[in-house]
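Here the structure comes first, spelled out in structure tokens, and everything after it is commentary.
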Number of protein chains: 2
Amino acid sequence: MARGTLNRRVGISDVAEKAGVSLATVSRVMNGNFTVAADIAERVRAVATELNYQPNPTGRNLARGKTDTIGVVVPDLGNPTFQTVLRGVSRAAAQDGYRVLIADSSEVSSEESILAGEARRRCDGVVLCAPRMSDAELAELAPTLHPLVLVNRTTADPSPSLTVDYGRGIQDLAAHLVDLGHTRLAFSAGPANSASNALRLAGLETFMSAHPGVELQILPGGSTFEDGHASADAVLASGATGILAFNDLTAMGLLSALNERGVNVPADVSLTGFDDIQFAAYTTPPLTTAAVPSMDVGEQAWRQMRALLNDTDIPDPALVFAPHIVVRGSTGPAPR
Amino acid sequence: MARGTLNRRVGISDVAEKAGVSLATVSRVMNGNFTVAADIAERVRAVATELNYQPNPTGRNLARGKTDTIGVVVPDLGNPTFQTVLRGVSRAAAQDGYRVLIADSSEVSSEESILAGEARRRCDGVVLCAPRMSDAELAELAPTLHPLVLVNRTTADPSPSLTVDYGRGIQDLAAHLVDLGHTRLAFSAGPANSASNALRLAGLETFMSAHPGVELQILPGGSTFEDGHASADAVLASGATGILAFNDLTAMGLLSALNERGVNVPADVSLTGFDDIQFAAYTTPPLTTAAVPSMDVGEQAWRQMRALLNDTDIPDPALVFAPHIVVRGSTGPAPR
DNA sequence: AAGATCTGAGAAAGCGTTTTCTCAAACCGT
DNA sequence: ACGGTTTGAGAAAACGCTTTCTCAGATCTT
């Protein structure tokens, strides 16, 4: 009884009836259409608030052919970088009355396409962060996802993209180490299929050709704290004194492993991270890293998406963000 | 031209027409309704894949009166704890084919009600994390949000809730410090309007009445890294040797400020955090803290929500998670 | 003051599905 | 072979809005 009585949400027709107008008029009033006489509009509004009428979004969505929602697909909600991007997108989108549907592919890249497609169908557009997806798959997927904004990826598809110049960043970090006198460097690499890792490797390659006196070893690594921790022995075995970690997470893992082994950072070896996640400033020693403005990336991703949705001109369809290095305590002069 | 030609997505009627059947039959096939003859079903399926037909979710949502989406409202997407809860919810929900819409109230608690209501309208249910909302507001809001699952809050509303026994956790931490010989404790408190802070305070109160010989000062604090950092002077001025920080973030901020001041942790003062966020294990010294299984909280929140949605029995409508303390290097014997 | 132009609001046609009705054809028992 | 069940699929009615179409009445024209 209680159930049947309370329920059945108040709909537009209830308002129309009670206000003595047609559905169309209620709709017009609710949508701020000014072709309704002021007094009628007022009456409708009064009834609407009295009945606490809230338009059913699903109905609206269907009628308007849009959902005021965008999908954000991330490889891992546990990754601080994507968390920050997501946060940036979410806040910026919220400013414009849009909501965000998240799709966490759990690093299972085979899921990414499916998730992205599903998100696209449910939403007005998709912001895609798919660092592990192959170029081929991305090329095939992208055209089916419009409106689409790519984060840290580019492809032949004309969708706007936001990218970080990882190559530049890693070079700056390497230069910083070399400036400190390090001549034996090691890069604890990221996952093999990571697009941003490829960018770093390319950057290092150009760096090395410009610095013949410097030696660089590429060591297998990963992207997580644990990967960094596990790479400690290989890093030490390399004999390098300047260590470039794939990102802050691996740098932190490595740092902790080095601490455990009694290796002093930065006295014995210097260590750099990448991303400048929130916690990088609070390790001991604090991490020298290349700061990626992930929040901005997220925010701009929304800007681009908004332009796409309104089909306004996209000022710059390929925004690239330059990381800037922040020097903290984890790097110091090379030991003699 | 190109535009007009490509677009207009393939709908159920295209499939119906091409397969020579009615819309209803296509719908039945797509939904696995077995009242369709095998050969027809096969033909429909073939046409569907040929045309790459994917049902429009908005249409389905309207017809079915559900969206297969739940909303998660969090106070701040930048907060590691909520990130983890969100992740837990998202993954668990994804397993069951549900998606997650996020609503970040940006710590503006006046927005929370509105966001939550909006999320509820767009989704089939809401998981609400609203640590700062007043009890009164929550009591008023909760009944309008069903199906609702509350995280770290309870109210008269019969919605299931997942709570963490912060009172127990802080007592365990305090006991740990006392066991180490600390008799002068300080609690760097959380935000005044934080529900979980109140729980901690209550826990401390019962702890104190059971430990007459121990002295405890309550210091104003906050919930962020910066708050912790800023509280350093007050903490030192208190003369306490055992410091209970509101959470890991403030503990980390405090730790870093203590380092800056040359105060040795744990030789000079012992410090505890709360939550056991991912990074707590990697500070120097690593943080002694009370581990909150946030991922589980998220996962169980989904379980409860699922039960609500299927209106299955809710085994236990008020799950309380006991934090377990993990002792690391930030706590040690009281200095003599 | 008669025709032309505006205005404002109702009627009705979508939006893309699902699901209830309906009903012909196939099947059953006797 | 004939009424009584099943079965299977189409027609049509939701679902809750927005928006186009329409058209009566009010407002201008000259």
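Please read all numbers here as calculations on a predicted model, not as lab measurements. Order of the sequence lines sets the chain letters (A, B, ...), proteins ahead of strands, with each chain counted from 1.
- In this structure, of D:dA9, C:dT17, C:dG16, it is D:dA9 that holds the atom nearest to the side chain of B:A37.
- When rounded to the nearest whole Å, the span between CD of A:E42 and P of C:dA9 equals 14 Å.
- Here the shortest heavy-atom pairing between A:V151 and A:V127 reads CG2-CG1, 3.7 Å.
- Among the protein residues, B:A24 comes within range of the nucleic acid bases, having at least one heavy atom under 4.0 Å from a base atom.
- Atom-to-atom, CG of B:L62 to P of C:dT19 comes out at 12 Å; the value is rounded to the nearest Å.
- Across all strands shown, B:N61 has no heavy atoms under 4.0 Å from either base or sugar-phosphate atoms.
- Within the 4.5 Å cutoff, no side-chain heavy atoms of A:R120 are placed close to those of A:T144.
- Spacing between atom CG of A:N33 and atom P of C:dT7 amounts to 13 Å, rounded to whole angstrom units.
- Taking every side-chain heavy atom of A:P55 into account, D:dC17 is the closest of D:dC17, D:dG8, D:dG16.
- Phosphate contact (OP1/OP2 of D:dT18, side-chain N/O of A:R60, threshold under 4.0 Å): present.
- Here the straight-line distance linking atom CD of A:E112 with atom CD1 of A:I114 works out to 10.5 Å at 0.5 Å rounding.
- Across the protein-nucleic acid pair, A:D39 atom CG and C:dG8 atom C1' stand 11 Å apart, rounded to whole Å.
- Spacing between atom CZ of B:R43 and atom P of D:dG8 amounts to 15 Å, rounded to whole angstrom units.
- Distance check, rounded to the nearest 0.5 Å: CG of B:L162 to CZ of B:F321 gives 5.0 Å.
- A:E17 places its CD atom 14 Å from the P atom of D:dC17, with the value rounded to the nearest Å.
- Regarding contacts with the backbone of D:dT7, every side-chain N or O of B:T35 stays at 4.0 angstrom or more from both OP1 and OP2.
- Not a single donor-acceptor pair, N or O on each side, falls under 3.5 Å between the base of D:dG16 and the side chain of A:R64.
- For A:S27, counting side-chain heavy atoms from C-beta on, the closest listed nucleotide (D:dT19, D:dG10, C:dT18) is D:dT19.
- Comparing B:V36 and B:G59 along DNA chain D, the residue whose closest nucleotide (by nearest heavy atom) sits nearer the 5' end is B:V36.
- Partner A:V10 forms a side-chain contact (heavy atoms from CB on, under 4.5 Å) with one of A:V47, A:L51, A:N52, A:N56 and no other, that one being A:L51.
- Taking only side-chain nitrogens and oxygens, B:N56 never comes nearer than 4.0 Å to OP1 or OP2 of C:dC15.
- Closest to the side chain of B:S22, from the set D:dT20, D:dG10, D:dC15, is D:dG10.
- Here A:Y53 lies in heavy-atom contact (under 4.0 Å) with sugar-phosphate atoms only.
- If you measure from atom CE of B:M30 to atom P of C:dG16, you get 16 Å, rounded to the nearest angstrom.
- Nucleic acid contact class of A:T25 (heavy atoms, under 4.0 Å, all strands): sugar-phosphate only.
- The CG atom of A:D14 sits 10 Å away from the P atom of D:dG16 (whole-angstrom rounding).
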